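Encoded as structure tokens, the structure appears first; notes follow it.
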Amino acid sequence: MTRLSGGLIDRNRPLKFTFNGTAYSGFAGDTLASALLANGVQLMGRSFKYHRPRGVFSAGSEEPNALVELREGARQEPNTRATVAELYDGLSARSQNHVGPLHRDLLAVNDLFSPFFAAGFYYKTFMWPRAFWEKLYEPLIRNAAGLGRLSMLPDPDSYDKGFLHCDLLVIGAGPAGLAAALTAGRAGARVILGDEDFHLGGRLLMESDLLDGAPAEAWVATVKAELESLPNVRIMTRTTVFGVYDHGIFGAVERVSDHLPEPGSTVRQTLWRITAKRSVLAAGATERHIPFADNDRPGIMLAGAMRAYANRWAASPVRQGNDAIAIFTNGDDGHRTARDLLAKGANLLGVIDTRKGAAAQGDYKVFDGAMVTGTKGRLGLRAIEITRDGQSSWHDAGALGVAGGWNPNVHLSSHHRGRPVWDEARLAFVPGQNGPAGMIPAGAAAGQGGTAQALASGAAGAIAALAEIGITAHPIALPTAKDASADQEAFWHVPGKRRAWVDFQNDVTVKDIKLAHQENMRPVEHLKRWTTLGMATDQGKTANVSALAVMAELTGKSLPETGTTIFRPPYTGVSLGVLGGGDTGKGFRPERLTPTHHWAKARGAEFVEVGPWMRAQYFPQAGERTWRETVDREVLAVRAGVGLCDVTTLGKIDVQGADAGEFLNRIYANMMGTLKVGMVRYGLMLREDGHLYDDGTCARLAEDHYVVTTTTANAGAVYRNMEFAHQCLWPDLDVQLISTTDAWAQIAVAGPKSRELLSRIVDGFDLSNEAFPFMACANLTVCGGLRARLFRISFSGELAYEIAVPARYGAALMERLMTRGQDLGATPYGTEALGVLRIEKGHAAGAELNGQTTAQMLGLGRMVSQKKDSIGAIMSRREGLAQEKRRLVGLKSLAPQTMAVSGAHLFEQGATRSMETDQGWVTSACYSPHLQGYIALAYLENGDARMGETLVAANPLEGTEVPVEVVSAHFIDPEGGRLRD
Amino acid sequence: MTDLSPITALGDAAPRQTSFGALTIQENAGLGLASLYLRKGQTAPAPFGMRLPEVSGAVQAGDYGAFWTGPGQWMIELPNRAEADVAALVLAEATEASVSEQTHGFVAFEITSKAGADPLEALLSKLIDIDTAALGPGRVVRTGLEHMTVFVIRRAEDRLAVLGMRSFAGALWHALETTCQRLESKT
């Protein structure tokens, strides 16, 4: 054990856990990384490409090395950073990316072949022979790629989403964030304080510095208590604000139960969409390292992380208590770690400081003007080589802390393409002025990393942010604190011939950057893609700036001239489960049910999705072996007797007002203003470009009252377009629009016996052909006083009606019609039979109105009225559209058992299959039980003049061809006598 | 009087009700609704003596209610009058306006809290992207909830109504139930 004294762990709450099957124990307040370190475990994983042994490198979400598979079974999650995985009793973790045991990874052989695996090797290596790519190279690469394994089991957990609104979002609860939240909270502003950690305090918890003469956690506890007492402040720990989006919207993930063995009855994570009027970015800073030869051994970590483990988690970085610890630094911050470690009783080898003349800041040895130039230790650091004035010496060391300066966490400030700017004094990129609107960076994120600086800048940031939205906040009393010295020199990497890692996760070394430079991959975006620097789960948080510095040195340019790194959301990885944001399965996509849905379900109907609607597709009966048998029966029942179909899904739009007729004249291609009250007319709607986009019926219930019926698919679009036309094109018209689709249950009653059936339920209404002819409509009552609307319209080509009643009575009406129509053969039919019936009749549907077709093609060109203007009318007459020669025709299959499928293209017999010889295409096809053969509708060049011709319907995708005869599209009753009788 | 039996939007014979902790969801199957839309140039009427509310407002007066749905547009509420010809009743009060029957076009879920505003606002923050501070009593919003369009009416500190399209009733009930359940298990 290498557990130290002190720390913010609860030693009264020991926790058991396993790593690679070995049992360990830690304490509440530990992370997996701190608990492993405290158990003397340095080796935690393997690197991506070379399978080098790796240990924990950081103490936060920037971790590139210590990635583990957390939990078991379906909850197993790869690439979990041990540094932020909160320890719980029973936690189980495994290292990843190795074959065989972690300490004897068979794929470590890759390291021996590293000269062949230099940056960009795969762009060159796998080019020849070409045939090997698909069968050999790609599978090999795919097998090697990726870190960790998925369980391949469904995620058993639930996720949630939510929406929050505030005046000020404070991102990060370190000194700057706490000062900002307290300042704003006391001012009465609505504040959300978010932090990815489970404790408030941020870096304050990791340092030994005092606030008001007391440990910092005392001040943190006081502030926390006050913030919790303020009803206008919401504290969100375990919450990562991962992205900034438009209009002050932030994405945040709250890890609700990731710190528990299982979520139990609650959700695992919640995705919050936070709308904030202003924000303070107090996300702190990430320490950078200094690349040197063999700098990736377990035991080598960031010096600030080493300090954090010692101070907050009481964990030493060495495997055994007496092992020596060294610090390699280019500034005073490394000495800070040395002092804290000494205070914890560590065996300190000394501080290797690149600055000439650097002095000790405590009782330890300083190697000034020196560098670390090599290391030893296969599975963990054993020794380091220190070079000073050209003289090298080896020293035993069990851990090495590296301090290369701090990079402000500018990530969120660059999410709106805000470019960080180089601060030469601080040797760091700081947020620029062009970041997300309303965001004020503060504290270490703004380069104000001293404790006093951070406190002051956080408070000032809140005051400034609130002032912009008219809230006056006053300065608060901040605790006395001092700023640690940030003195450092610009020292970016140790020169040498051996490999020095810059990006640990992707195994990108200084050599790789040199190679990129040599290959002219010098712009920073090329460098990234060529070397994979900055990719993968850590997104190069510990690597990017160091890599830029190396490239700057190679190009001889300054660092800002070389480039800047721009960050995209998310700040850290976000699981797809939580982005889904809530329900899964059926609940993921809400369904619309028709008024007769439950009735149909009880009768064993099969349903089909039509947009969000679930429509009855067909109603199987006992003894029917295939869906076709069912559909054939339903179709024949309609043609012979009477069928019932729920057509509620068709859009219904109430159009009222003195100018309703004029308005509809402009919406429809044909005239609607002349429609008589009590009548219905079929109408076509054109897009602005002259193509067809919807069709349906329009009924006139009163002089100033129409009901427009749309197709199911376009109900929303037609209503939206009509609203647009009303509000934006013709606001002068007196028109009122409102959707009534859901209000009325509408049932198609179709077949020669439909009049007889309806006559049994209407309340004294004359249904005779004279009183209620084809295309009539009326308000009436049915079944003893129920309000209803009746339309005499037909999609099937038979004598038919559609009857509408208040939706809550839809199921009852359907049942009543079935009961009363038993002797007439009343049969419910679904969308399949509906489709067959309309194809037999030659009526168009969505397949014929696919956005590329015109009224002329349907043979309805004359419906586009010349007497008035309407949307799309002029454009429909333009050259190209006016000369369109394809026309809707019917096709009869000449191969008895074969159907020409929808989408098949038409060719003359013997013609080559090419665009030039293409004659048209099949839009809809079915088996017609009436004709006892396969039929189809198609658009055909000069179709009107080609009746009787034999063509081939070719389906090159499946290599099939069907001979077809061109016939009229009206297979049934071409004169239309049935529907008018 | 028809001898046909209606069903609720959820497909049941009787309205559904359920409770989770402090929250109760009750299907309001008796709510009569009609849309009232002013004709061009018409001044707002006062149906049933109500002064029609301004933008985003909702009023209740005795047995009647109204909420704003758009410029010159309101929905008139007649509780317990679902079986009546609501459009005719409203038209009689606003003879110049365009009125459409909407009773059967919507499902209404009334949600009440036994513990004041907090549980309701916690629920709202999980359902809709609206600043709850702007949705106090007497306010209404038309917004998206799990991809569905709804009206949310804050009837009182501890009461609100969610009105959704009738065909989405099952999905809306599921969304409300699931969210309430999760809130209950968290508290």
Side-chain angles (χ1 to χ4, degrees), chain A residues 158 160-165 190 256 264-267 273 275 582-583 586-587 589-595 597-598 612-613 648-649 654 656-659 704-705 732-745 781-787 805-813 816, chain B residues 1-9 11-12 29 33 35 37-41 69 71-73 82-83 85 97-107 122 124-134 145-148 165-172 174-175 178-179 181-182 184-186:
Chain A
S158 303
D160 204 0
K161 54 132 184 40
F163 309 92
L164 296 171
H165 294 251
R190 291 186 303 155
V256 179
S265 59
T266 188
V267 297
R273 177 178 158 136
T275 305
D583 240 322
K586 271 191 170 299
R589 186 171 179 262
E591 284 176 347
R592 298 180 78 175
L593 305 184
T594 66
H597 182 88
H598 302 289
W613 285 103
T648 303
T649 60
D654 235 29
Q656 298 191 50
D659 298 323
D704 56 356
H705 189 183
D732 52 314
L733 295 184
D734 178 30
V735 176
Q736 295 80 43
L737 307 167
I738 196 150
S739 168
T740 58
T741 302
D742 279 27
W744 296 91
T781 63
V782 298
C783 302
L786 180 64
R787 282 171 290 124
V805 293
R808 65 185 61 197
Y809 287 99
L813 177 67
R816 177 64 52 88
Chain B
M1 183 71 180
T2 181
D3 61 344
L4 294 181
S5 302
I7 55 172
T8 67
D12 302 327
L33 288 170
S35 58
Y37 200 148
L38 295 185
R39 295 273 170 123
K40 197 163 187 62
T69 57
Q73 298 169 57
E83 293 303 326
D85 185 347
S98 292
V99 175
S100 297
E101 178 70 50
Q102 294 289 352
T103 302
H104 316 279
F106 287 86
V107 60
L124 285 176
S125 75
K126 288 294 179 73
L127 293 174
I128 57 172
D129 188 8
I130 294 297
D131 189 348
T132 49
L145 190 161
E146 298 283 6
H147 311 287
M148 295 173 277
M165 290 156 69
R166 184 182 176 92
S167 55
F168 275 125
L172 185 54
H174 170 80
T178 305
T179 309
Q181 224 161 20
R182 285 176 175 172
E184 187 189 27
S185 63
K186 203 178 173 186

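So you know, we letter chains A, B, ... as the sequences are listed, proteins then strands, and number each from 1. From a predicted model like this one, the values you see are computed outputs, not experimental measurements.
Judged purely by distance below 3.5 Å, without hydrogens or angles, the side chains of B:His104 and A:Asp742 never pair a donor atom with an acceptor atom. Side chain to side chain, A:His165 and B:Asp129 meet the donor-acceptor criterion of an N or O pair below 3.5 Å. Checking B:Ser100 against A:Gln656 by side-chain atom types alone, a donor-acceptor pair falls below 3.5 Å.
Note: A:Ala807 leads A:Ala807, A:Gly785, A:Gly810, A:Gly587 in heavy-atom pairs under 4.5 Å with chain B. Between chain A and the options B:Ala171, B:Gly41, B:Ser125, heavy-atom pairs under 4.5 Å are most frequent for B:Ser125. Taking chain A as the reference chain and counting heavy-atom pairs below 4.5 Å, the highest number among B:Thr178, B:Thr69, B:Leu127, B:Ile128 is found for B:Ile128. Interface check for chain B: of the options A:Gly657, A:Ala658, A:Pro612, the most heavy-atom pairs under 4.5 Å are formed by A:Gly657. By number of non-hydrogen pairs under 4.5 angstrom with chain B, the leading residue of A:Ala745, A:Ala812, A:Ala743, A:Ser158 is A:Ala743. Chosen from B:His174, B:Met148, B:Glu101, B:His147, the residue pairing most often with chain A at heavy-atom distances under 4.5 Å is B:His174. When B:Ser98, B:Ala133, B:Gly11, B:Ala134 are compared by the number of non-hydrogen pairs under 4.5 Å with chain A, B:Ser98 comes out ahead. Note on B:Lys40, B:Met165, B:Arg39, B:Met1: by heavy-atom pairs under 4.5 Å with chain A, the leading option is B:Arg39. Across B:Val99, B:Thr8, B:Leu124, the residue that shares the most heavy-atom pairs under 4.5 angstrom with chain A is B:Val99.
Neither the backbone nor the side chain of A:Arg589 comes within contact range of chain B; no heavy atom of the residue lies under 4.5 Å from a heavy atom of that chain. Contact of A:Pro595 with chain B is made through the backbone alone, with heavy-atom distances under 4.5 Å. Contacts of A:Ser739 with chain B are made by backbone atoms alone, with heavy-atom separations under 4.5 Å and no side-chain atom involved. Neither the backbone nor the side chain of B:Leu33 comes within contact range of chain A; no heavy atom of the residue lies under 4.5 Å from a heavy atom of that chain. Both the backbone and the side chain of A:Asp160 come within less than 4.5 Å of a heavy atom in chain B. For a residue to count as touching a neighbouring chain, one of its non-hydrogen atoms must lie under 4.5 Å from one of that chain's; by this rule A:Glu591 touches chain B with the backbone only. Using a 4.5 Å cut-off between heavy atoms, B:Ile130 touches chain A through its backbone atoms (N, CA, C, O) alone. Heavy atoms closer than 4.5 Å to chain B are found in both the backbone and the side chain of A:Asp704.
Applying the salt bridge (Lys or Arg N to Asp or Glu O under 4.0 Å) rule to B:Arg166 yields no partners; only residues at least two apart in sequence or on another chain are considered. Under the rule for a side chain to side chain donor-acceptor pair (under 3.5 Å), B:Asp85 has no partner lying at least two apart in sequence or in another chain.
Distance check: A:Leu593 CG to A:Thr649 OG1 gives 12.0 Å after rounding to the nearest 0.5 Å. In this structure, B:Gln102 CD and A:Thr740 OG1 are separated by 6.5 Å, a value rounded to the nearest 0.5 Å.
For the pair A:Thr781/A:Leu786, no side-chain contact is recorded, criterion being any heavy-atom separation below 4.5 Å from C-beta on. At a threshold of 4.5 Å between non-hydrogen side-chain atoms, the residues B:Glu146 and B:Leu172 do not count as touching. A heavy-atom distance below 4.5 Å is found between the side chains of A:Arg816 and B:Leu4.
Remark: A:Arg592 qualifies as a cation-pi partner of B:Phe168 under the 6.0 Å distance and 45° angle criteria applied to the six-membered ring.
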